[in-house]
Amino acid sequence: MGAPVKMLAFDLGASSGRAMLGIYEKGRLSIEEIHRFPNEPVSLRGHHYWDILRLFHEIKLGLRKAFNGGHKDIVSIAIDTWGVDFGLLDKNGDLLGNPYHYRDSRTDGMMEKVFELIPPEDLYAQTGIQFMKLNTIFQLFAVKQFQEHILKETRAMLLVPDLLNYFLTGRMASEYTIASTTQLLDPVKRIWNWDLIDKLGLPNIFTDIIPPGTVLGPLLPEVVEELGGGEDISVVAVGSHDTASAVASVPASSKDFAYISSGTWSLMGVEIDQPIINLESASLSFTNEGGVANRIRFLKNIMGLWLVQECRRQWQREGEDLSFGQLAELAKEAKPFRAFVDPDHESFVAPGDMPARIQDFCRNTNQPVPETKGEIIRCITESLALKYRVTMESLEQILGRELSVLHIVGGGIQDELLCQFTADATGKRVLAGPVEATSIGNLMVQAMVAGQVGSLEEIRACVARSFPQKEYIPQNTEAFDGQYQRFKELLS
């Protein structure tokens, strides 16, 4: 067997980021967290932004920590992030402002304005993407509406991972999986949809699309000088959308599986070879996003643990700092099935007082209002599990077949109550793990570039060998069955 191969993955989520060292040796991958840092939006004059320069600083700090920890022999690094958000660069390649946060209010009303130019059925037929006001297409249209002077100065738009790669290498390119989140891509030809772009009156600010697994180049000389090393490191474009990397790491042994990438968002779907774009997929709001190895991630975006995270933040603001584990224990003790919410209701999108919004939803739908922290968290957890059941049934309806197993990966698997409720609500065998799925998928694509594995199937076999999974068997299906129709009646 060859010598160990060291790689570094930077995984930036909507609330935190981390640098994960990966060592591939003898057919297995081991990981070690080198650096972790917060990623919180900055609010200024009524708008929400990402602090992109701070994130770039943290990436360099992660590299320096790796070097100082005896890992100057790293062969490559790669970045993955959330989707849809972007930075705009001028003719000199300079950033024209901090990227807006996808939860910013500037996209309010933009979907309706775009639909005046392109009917929604035509837009879905051309892109296969679920309508969400945070999509890049609506963000760019907001720039055109409110900041056209900036758009006139723009030479290039780069989505967040592509922007950070540009800061590291000087190369402008759009990695396929992250580009697929924009709702501006032709999902069949896998190129920018220029007809759509022209109809929206957007300028040509779009860079060449490259596949995951592309070597972008070495670190810029000034970055190497600042870090005191790294001249031999390659920067790789992996599945730069974090969900693409997470799905690549699903340790499935066959193609007959569904997945949930569970975190701030719950991305639930299947992996297919060609997009599914028809009246049924449109009416059920499914999306076709790019995956590693030329696959399509056919999925639905569900609000996910954002609701729990925002509740916890509100309670912290009020002076009570409970861990997620403590909140889960309170939820276990609360009375089941008192009230439900639709996790995707528009009132839950923006940051703010989430407990009050949960209570308002229940009050406005004539349900018992959850009062205690345990009741509120249990309401969210049961609602998510039932939303997964709705989505599973829709998936099976569209595919025309049953799915035998549900893999859950990502940080959300640490919520064991949610995992068990998901098995109970869906009636499916649930396999949970790995927890650091996104970083692992990122690292395994780097390993493929380094010649250590040859296919997506080999990546998944390696993940299964390297990391444990926990099995959840349905136990309380009758109770969830009895509440299912009541829950569906609440969906917006």
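All residue numbers in this chain count up from 1 along the given sequence.
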Six-ring centre of Tyr472, Arg429 cation under 6.0 angstrom, axis tolerance 45°: no
Qualifying residues under side-chain hydrogen bond (donor to acceptor under 3.5 Å, both in side chains), relative to Ser16, sequence neighbours excluded: Arg18
Side-chain (Arg103) to main-chain (Ala350) donor-acceptor, under 3.5 angstrom: no
Worked check of side-chain hydrogen bond (donor to acceptor under 3.5 Å, both in side chains) between Tyr484 and Glu489: CA-CA 9 Å; Tyr484 187 44; Glu489 291 171 358; over 6 Å; no
Plane angle bin for Phe206 and Trp194 - parallel if under 30°, tilted between 30 and 60°, otherwise perpendicular: perpendicular
Donor-acceptor pair, side chain of Glu175 and main chain of Ile178, under 3.5 angstrom: yes
Side chain to side chain contact (heavy atoms under 4.5 Å, CB included) evaluation trace for Gln420 with Thr381: CA-CA 10 Å; Gln420 185 59 58; Thr381 306; over 6 Å; no
Note, Val160 side chain near Ile79 side chain (heavy atom, < 4.5 Å): no
Thr391 vs Ser394 side-chain heavy atoms within contact, under 4.5 Å: no
Geometric class of the His48/His101 ring pair [parallel <30°, tilted 30-60°, perpendicular >60°]: perpendicular
Electrostatic pair Lys470:Glu416 at N-O distance under 4.0 angstrom: yes
Thr127 side chain vs Gln183 backbone, donor-acceptor pair below 3.5 Å: no
Point-to-point distance, once rounded to the nearest 0.5 Å, from CD1 of Ile129 to CZ of Phe286: 13.0 Å
Qualifying side-chain hydrogen bond (donor to acceptor under 3.5 Å, both in side chains) pairs with a residue from residues 441-460, counting only residues at least two apart or across chains: Ser76-Gln446, Asp80-Asn442, Glu271-Arg460, Arg295-Glu457, Asn442-Gln446
Centroid-centroid under 6.0 Å between His407 and Tyr259 rings: no
Side-chain donor/acceptor of Lys387 to backbone N/O of Asp342, under 3.5 Å: no
Worked verdict on Arg389 versus Asp481 for salt bridge (charged side-chain N to carboxylate O under 4.0 Å, His left out): CA-CA 10 Å; Arg389 174 170 173 169; Asp481 287 346; 2.6 Å; yes
4.5 Å side-chain heavy-atom contact, Val236 and Leu216: no
Close side-chain approach of Leu159 and Ser174, heavy atoms under 4.5 Å: no
Donor-acceptor contact below 3.5 Å, side chain Thr169 vs main chain Asn165: yes
Trp265 and Tyr102 aromatic ring geometry - parallel, tilted or perpendicular at 30°/60° bounds: tilted
Side chains of Ser249 and Phe467 in contact at under 4.5 Å (non-hydrogen atoms): no
Arg106-Gln139 side chain donor-acceptor pair, cut-off 3.5 Å: yes
Donor-acceptor under 3.5 Å (Trp192 side chain, Thr207 main chain): yes
Ring-ring centroid check Phe480 Phe421, cutoff 6.0 Å: yes
Intermediate values then yes/no, side chain to side chain contact (heavy atoms under 4.5 Å, CB included), Thr177 and Thr243: CA-CA 9 Å; Thr177 69; Thr243 310; over 6 Å; no
His35 side chain reached by Glu58 side chain, heavy atoms, under 4.5 Å: yes
Side-chain donor or acceptor of Ser180 paired with backbone N/O of Glu289 under 3.5 Å: no
Lys/Arg-Asp/Glu bridge criterion (N-O < 4.0 Å) met for Lys332, Glu382: no
Side-chain heavy atoms of Val84 within contact of Thr182, under 4.5 Å: no
All salt bridge (charged side-chain N to carboxylate O under 4.0 Å, His left out) counterparts of Asp108, not counting sequence neighbours: Lys133
Residues, nucleotides or ligands: over 12 heavy atoms within 6.0 Å of Asp208 CG: no
Chi angles and distances behind the side chain to side chain contact (heavy atoms under 4.5 Å, CB included) call for Val75, Met7: CA-CA 6 Å; Val75 299; Met7 305 152 292; 4.0 Å; yes
Under 3.5 Å donor-acceptor, Lys300 side chain and Leu284 backbone: yes
Residue pair Leu305 / Asp415, side-chain heavy-atom distance below 4.5 Å: yes
